[in-house]
2 protein chains.
Amino acid sequence: MSLRDRKRARTRQALVEAATTLFERDGYDETTVADIAAAAEIGTRTFFSYFPSKEELLFPESDARVRAAVEAIADRGPHEGPADVLLRALHRVGDDNDDLSGRLAALRLRYIREIPAVRGRALQIQTDAQGEIARHLAAAFPEQLDEVGAAALTGAFVGAVTAALQVLLADLDRLDDPAAVQAAVRRATDVALRPWVTGAA
Amino acid sequence: MSLRDRKRARTRQALVEAATTLFERDGYDETTVADIAAAAEIGTRTFFSYFPSKEELLFPESDARVRAAVEAIADRGPHEGPADVLLRALHRVGDDNDDLSGRLAALRLRYIREIPAVRGRALQIQTDAQGEIARHLAAAFPEQLDEVGAAALTGAFVGAVTAALQVLLADLDRLDDPAAVQAAVRRATDVALRPWVTGAA
DNA sequence: TTGCAAAACTGCATCCGATGCAGTTAACGT
DNA sequence: ACGTTAACTGCATCGGATGCAGTTTTGCAA
């Protein structure tokens, strides 16, 4: 990796950290892009060559989860059906929830509820990920699932977990506690997916 | 209804129609709020007392579908389970898809794919509607569903239909044909919900 | 009908996010 | 060491959105 690339990665990281600190101190709307750029010691204009928009700061590695899920599909056993694989993939994604120790994740969870632009971006990322997973799932089970069926199955899983999680997080004021969030995620998957684990594959 | 209210409703309608025409002619980003306000013969500033944002023009009656679904839940038969009721509600919502003759609906479907802000707003509306439906469902079946379970079930249904519909609409270039869209919606619900209609309630 | 209070409309100034452009600076490979 | 390429930066600009203050319109009661 060249010096250029290393420097660039460092600046990117500095931007995320500066944004995290400023968001925590002043709030999302109160923190301007100019503030963040200044804190990371780059020009305001240059910010937009690192992130296309302010929201994106909250989702610095949105690909990681998708990759984990795709891996889980690839690592399927010989006797697993589509629902089993999907279930395993979702659990693995839930476990990997600790991206970078929490501070940013806590902000993200709060802002997804409070700031429309952030919520919109989060939902779009989820939709895209869902589509990607469905594509891989259909490819893995060509005889049992067509494109539409795979999308429907994936949508049902993700939709169930997301909705359940939302209810569980709604009355959770201490979003800063990673353990509580982790527990909520696990309970959400359990409740949401119970209808499948007992039924047919 | 007072003269004031009637006039206000007329202006609101004029704004939606002006926006529809301008969007069709020039595109979403190319049409400014000032253009729309001018076409409806009100000041630019006044626009924001009718709609809080530009996107909102594309969702003028987002409550209607929720009301239809809630009605469907209320009209349940004595032997229907939660899944049956939800299925019927979803079908009714699908049938009511012809809001105001299509032009706006066609634009909406296109822009949900193309413009991030619109997609974000659409997903937020869907999420809110989902939550509302789940609340009513839980209230209707207090012994079989708790809050989390109702949210998970509703999320699964809506998620499945939405995902399936998205695949079907992806290769549909002629979005202007209401019949084709209607058919896609119906097929999406059929495919997505097949696992439930045969299984247990 | 008249007069008053509430609501709606409007222009103006302002802020912020985002983009195009052009000039400068820094890093890379030879 | 040098030319090429990429990155950084300031500047100007645009559109969406909000607060404010002044004017106009509507509603209602005297």
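We name chains A, B, ... by the order of the sequence lines, and we start the count at 1 in each one. No experiment lies behind these values; they were computed from the predicted model shown.
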Categorize [X] for me: base, sugar-phosphate, or nothing, with a 4.0 angstrom heavy-atom threshold over every strand shown.
{"X": "A/Glu30", "result": "nothing"}
{"X": "B/Thr32", "result": "sugar-phosphate"}
{"X": "B/Thr11", "result": "nothing"}

What is the separation between atom [atom1] on [X] and atom [atom2] on [N], rounded to the nearest whole Å?
{"X": "A/Glu41", "N": "D/dG10", "atom1": "CD", "atom2": "P", "value": "13 Å"}
{"X": "B/Phe51", "N": "D/dG16", "atom1": "CZ", "atom2": "C1'", "value": "16 Å"}
{"X": "B/Phe47", "N": "D/dT18", "atom1": "CZ", "atom2": "P", "value": "11 Å"}
{"X": "B/Arg10", "N": "C/dC9", "atom1": "CZ", "atom2": "P", "value": "12 Å"}
{"X": "A/Leu3", "N": "C/dG29", "atom1": "CG", "atom2": "C1'", "value": "14 Å"}
{"X": "B/Ile115", "N": "D/dG16", "atom1": "CD1", "atom2": "P", "value": "12 Å"}
{"X": "B/Glu56", "N": "D/dG16", "atom1": "CD", "atom2": "C1'", "value": "14 Å"}

[X] side chain near [N] phosphate (N/O to OP1/OP2, under 4.0 Å):
{"X": "B/Tyr50", "N": "C/dA8", "value": "no"}
{"X": "A/Lys54", "N": "C/dA18", "value": "no"}
{"X": "B/Ser49", "N": "C/dA8", "value": "no"}
{"X": "A/Arg6", "N": "C/dA27", "value": "no"}

* Looking only at atom types and distance, does a side-chain atom of A/Asp128 sit under 3.5 Å from a main-chain N or O of A/Ile125, one as donor and one as acceptor? -> no

* B/Arg76 side-chain N/O to B/Asp84 backbone N/O, donor-acceptor pair under 3.5 Å -> no

* Taking side chain as C-beta onward, heavy atoms only, is A/Phe51 less than 4.5 Å from A/Val33? -> no

Checking contacts here: which listed nucleotide ([options]) is nearest the side-chain heavy atoms of [X]?
{"X": "B/Phe48", "options": "C/dC28, D/dT18, D/dT25", "answer": "D/dT18"}
{"X": "B/Ser53", "options": "C/dT10, D/dA17, C/dA26", "answer": "D/dA17"}
{"X": "A/Arg8", "options": "D/dG27, D/dG16, D/dA7", "answer": "D/dA7"}
{"X": "B/Arg4", "options": "D/dT9, D/dG27, C/dA18", "answer": "D/dG27"}
{"X": "B/Lys7", "options": "D/dA6, C/dC9, D/dT26", "answer": "D/dT26"}

* To do: Please lay out, stage by stage, how B/Arg8 and B/Tyr50 fare under the test side-chain contact (heavy atoms from CB on, under 4.5 Å).
  => CA-CA 9 Å; B/Arg8 198 168 169 79; B/Tyr50 281 90; 3.6 Å; yes

Using a cutoff of under 3.5 Å, can you pull out all pairs of nitrogen or oxygen atoms linking the protein to nucleotides 20-22 of chain C, with atom names and distances?
from: C/dG20; atom 1: N7; to: A/Arg45; atom 2: NH2; distance (Å): 2.8
from: C/dG20; atom 1: O6; to: A/Arg45; atom 2: NE; distance (Å): 2.5

* To the nearest 0.5 angstrom, please state how far the CG atom of B/Leu123 sits from the CD1 atom of B/Ile112. => 7.5 Å

* Return yes if a side-chain donor-acceptor contact under 3.5 Å exists between A/Thr21 and A/Arg103, otherwise no. => yes

* **Minimum-distance pair of heavy atoms, taken over all atoms of A/Glu80 and A/Phe141** => O-CE2, 3.4 Å

* Do the rings of A/Phe23 and A/Tyr111 sit parallel, tilted or perpendicular, given the 30° and 60° boundaries? -> perpendicular

* Structure fact -> Sorted by position of nearest nucleotide on DNA chain C, 5' first, the leading residue of A/Asp5 and A/Asp29 is A/Asp29

